[in-house]
Amino acid sequence: MSSFDVIDDAPTGRFHRKLLLACCGGPFLDGYIISLIGVAIVGFSQDIPTSPVEAGLIGAASLIGIFFGAILFGALTDRIGREKMYALDLTVLVAACALSAFVGEAWQLIALRFIIGLAIGADYPIATSLLAEFTPRKKRGSMIGLSALGWALGAMTAFLLAFVVVHFSGGYHLWRWMLFSGAIVGIIIVIMRRGIPESPRWLLSRGRVAEAEQVVKLVYGENAQLPAHEPGAQTSAPLSATLRMLLKGVYLKRIVMCGMIYLAQITPMYALYTFGGLILGAAGIEGENAATLGEFFISALFALGILPALRWVETVGRRPMAVWPLAAMAVPLIALGVWNDAPVWFVIAAFAIYALSSGGPTVLQWLYPNELFPTEVRATAVGIAVGISRIGAATGTYLLPIGLATIGLGPTLLVGAAITILGLIVCAAWAPETKGRSLAETAAVPVVSRQFTSTRG
């Protein structure tokens, strides 16, 4: 057997299931840690004097850390390998989560949250690149898309745990145990990642053919005669050259498109979280801790939207699942923005339509960056796309209250609709179809043929 057919056409087996669980553990931990801090900080502020600025920095530190971690360590992962970084980033995260339980001042928690963000940001490109490079082409969309579901399940777990702890303990005084729980989850995932080998695609991108063939033999039990390098790879290109690949031509368009999917999906989502209290109030659920339960149900609704999208990206295709869901997501945002005093049933219906429609873009924000770039810059591209997503997260988290206070909820939602429509336009123009194709094919720059005519005088 030759080339990458043994990887691209392999049936999913025990190794793939182990790799999938290990890789999705990172997004699960991300969703868990990022979501849990919103509840833990209530108890932290009660025990340790915290200024409004410090409270804001505690929430922002991890987002800032993810921005830098994804970009810096994504590029580093392309230079030194996926396997070397695979367990190291989560080991750092486990240590930072454990130390968070012993902080005595606000600046200490801010610093640790920044380190946690660096580790989370690093794990996005590390884990998803490794998963993409081992996954069969016919299952790549659904398997990488499960990373999105992992994040949602992590958030749901955090909100449910926080609700139970606060409800049965009678307050937020167990915040240290909440923060420490991230270390426990992290240790489990680090153990799951033991024994995962280096990506043979990355080994070939560095010219290490014999080692790549050994990994293929170990994982698939077949001898494969691999080429000297993966098609299109630049085995000796310096970092500056690989970065220039991403900042011009087709790859620049792909970076912008991947970033816009992130922005269009994440930014309005935070605005819709403001309806959680209204929805629960309509159901007769009230109280301080009810907000946490509301966030759990909201996260569950977004998770439900992901489930059919995991199948549809493989059957319907990537491009339709980017374009049409974004159009559907814009409709409820416009409706809620225009109808400021809409009845509760309408608000719930609009929210449900948005959440269930968002599954396609949510899956593609994990999938597209891993498919559209060659091996030697794949983790770098994923890191840049994740970095752009943190702009959307920060916008939704910290500019939303300003928008609500100045222009009101309706216009704020219309701004979210405008961002969604912009994402729709970009995807309609630049989103390619990659279903069923190998990574070498999806990452290649299409060749445009030109006809030249000449005239003779």
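Within a 6.0 Å sphere centred on CZ of F68, heavy atoms belonging to other residues, nucleotides or ligands number 12 at most.
Donor-acceptor pairing under 3.5 Å is lacking for the side chains of S205 and E376.
No donor-acceptor pair under 3.5 Å is formed between the side chain of R113 and the backbone N or O of A61. In this structure, the side chain of K138 does not engage the main chain of D9 through any donor-acceptor pair within 3.5 Å. No side-chain donor-acceptor contact under 3.5 Å links N370 to the backbone of A132. Panel note: side chain E83, backbone P197; no donor-acceptor pair is recorded below 3.5 Å.
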Trace of the side-chain contact (heavy atoms from CB on, under 4.5 Å) decision for L372 with C258 = CA-CA 9 Å; L372 297 180; C258 292; 4.2 Å; yes
message = What verdict does the side-chain contact (heavy atoms from CB on, under 4.5 Å) test give for S100 and W175, after you've listed the backbone C-alpha separation in whole Å, the side-chain angles of each residue and the deciding distance to 0.1 Å?
response = CA-CA 10 Å; S100 297; W175 61 270; over 6 Å; no
task = Report the C-alpha separation of L336 and F351 in whole Å, then their side-chain angles, then the decisive distance to 0.1 Å, and conclude whether the side-chain contact (heavy atoms from CB on, under 4.5 Å) test is met.
result = CA-CA 9 Å; L336 291 173; F351 183 92; 5.6 Å; no
task = Please assess F373 against Y368 for the test side-chain contact (heavy atoms from CB on, under 4.5 Å), listing each intermediate value before the final yes or no.
result = CA-CA 9 Å; F373 302 92; Y368 258 152; over 6 Å; no
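Across A443 and P374, no two heavy atoms sit closer than the pair CB-N, 3.5 Å. For the residue pair Y86 and R193, the shortest heavy atom distance occurs at O-NH1, 2.8 Å. G141 and L367 get closest at one heavy-atom pair: CA-CD2, 3.6 Å. Pairing each heavy atom of S142 with each of L310, the nearest pair is CB-O, 3.3 Å. For the residue pair I7 and P200, the shortest heavy atom distance occurs at CD1-CG, 3.7 Å. Between R176 and V103 the shortest heavy-atom distance is NH1-O, 2.9 Å.
In this structure the side chain of W202 never reaches within 4.5 angstrom of the side chain of V215, judged on heavy atoms. Proximity of R437 to R137: side-chain heavy atoms (C-beta onward) are nowhere separated by under 4.5 Å. With a 4.5 Å cut-off on side-chain heavy atoms, L364 and M257 do not count as touching. No side-chain heavy atom of V185 sits less than 4.5 Å from a side-chain heavy atom of T157. Under the 4.5 Å side-chain criterion, counting only non-hydrogen atoms from C-beta, Y262 is in contact with V386. In this structure, the side chains of V92 and I115 come closer than 4.5 Å at one or more pairs of heavy atoms. The side-chain heavy atoms of M321 and V363, taken from C-beta on, include no pair separated by under 4.5 Å. W430 places a side-chain heavy atom less than 4.5 Å from the side chain of V256.
Screening residues 305-333 for salt bridge (Lys or Arg N to Asp or Glu O under 4.0 Å), with sequence neighbours left out, gives E314-R318, R318-E371. Within the structure, the side-chain hydrogen bond (donor to acceptor under 3.5 Å, both in side chains) test picks out no pair touching residues 300-310 (sequence neighbours left out). For residues 12-23, no residue pair satisfies the side-chain hydrogen bond (donor to acceptor under 3.5 Å, both in side chains) rule, not counting sequence neighbours.
Between the CG atom of L326 and the CD1 atom of I419 there is a distance of 12.0 Å, given to the nearest 0.5 Å. If you take CE on M329 and CG on L424, they are separated by 10.5 Å, rounding to the nearest 0.5 Å. For the atom pair I255 CD1 and I388 CD1, the distance stands at 6.5 Å (nearest 0.5 Å). Note that CD1 of I34 is 9.5 Å distant from CG of L29, once rounded to the nearest 0.5 Å. The distance from the CD1 atom of I189 to the CG atom of L93 is 8.5 Å, given to the nearest 0.5 Å. Rounded to the nearest 0.5 angstrom, C23 SG and M192 CE are separated by 9.0 Å.
Judged as a salt bridge (charged side-chain N to carboxylate O under 4.0 Å, His left out), and not counting sequence neighbours, the contacts of E211 are R208. Listed by chain and number, the residues in a side-chain contact (heavy atoms from CB on, under 4.5 Å) with L153 are F28, L149, M156 (sequence neighbours excluded). For S181, the side-chain hydrogen bond (donor to acceptor under 3.5 Å, both in side chains) test picks out Y32, with sequence neighbours left out.
Relative orientation of the F134 and Y220 rings is tilted, given thresholds of 30° and 60° on the angle between their planes.
Partner of E133 under the salt bridge (Lys or Arg N to Asp or Glu O under 4.0 Å) criterion, chosen from R378, R140, R201: R378.
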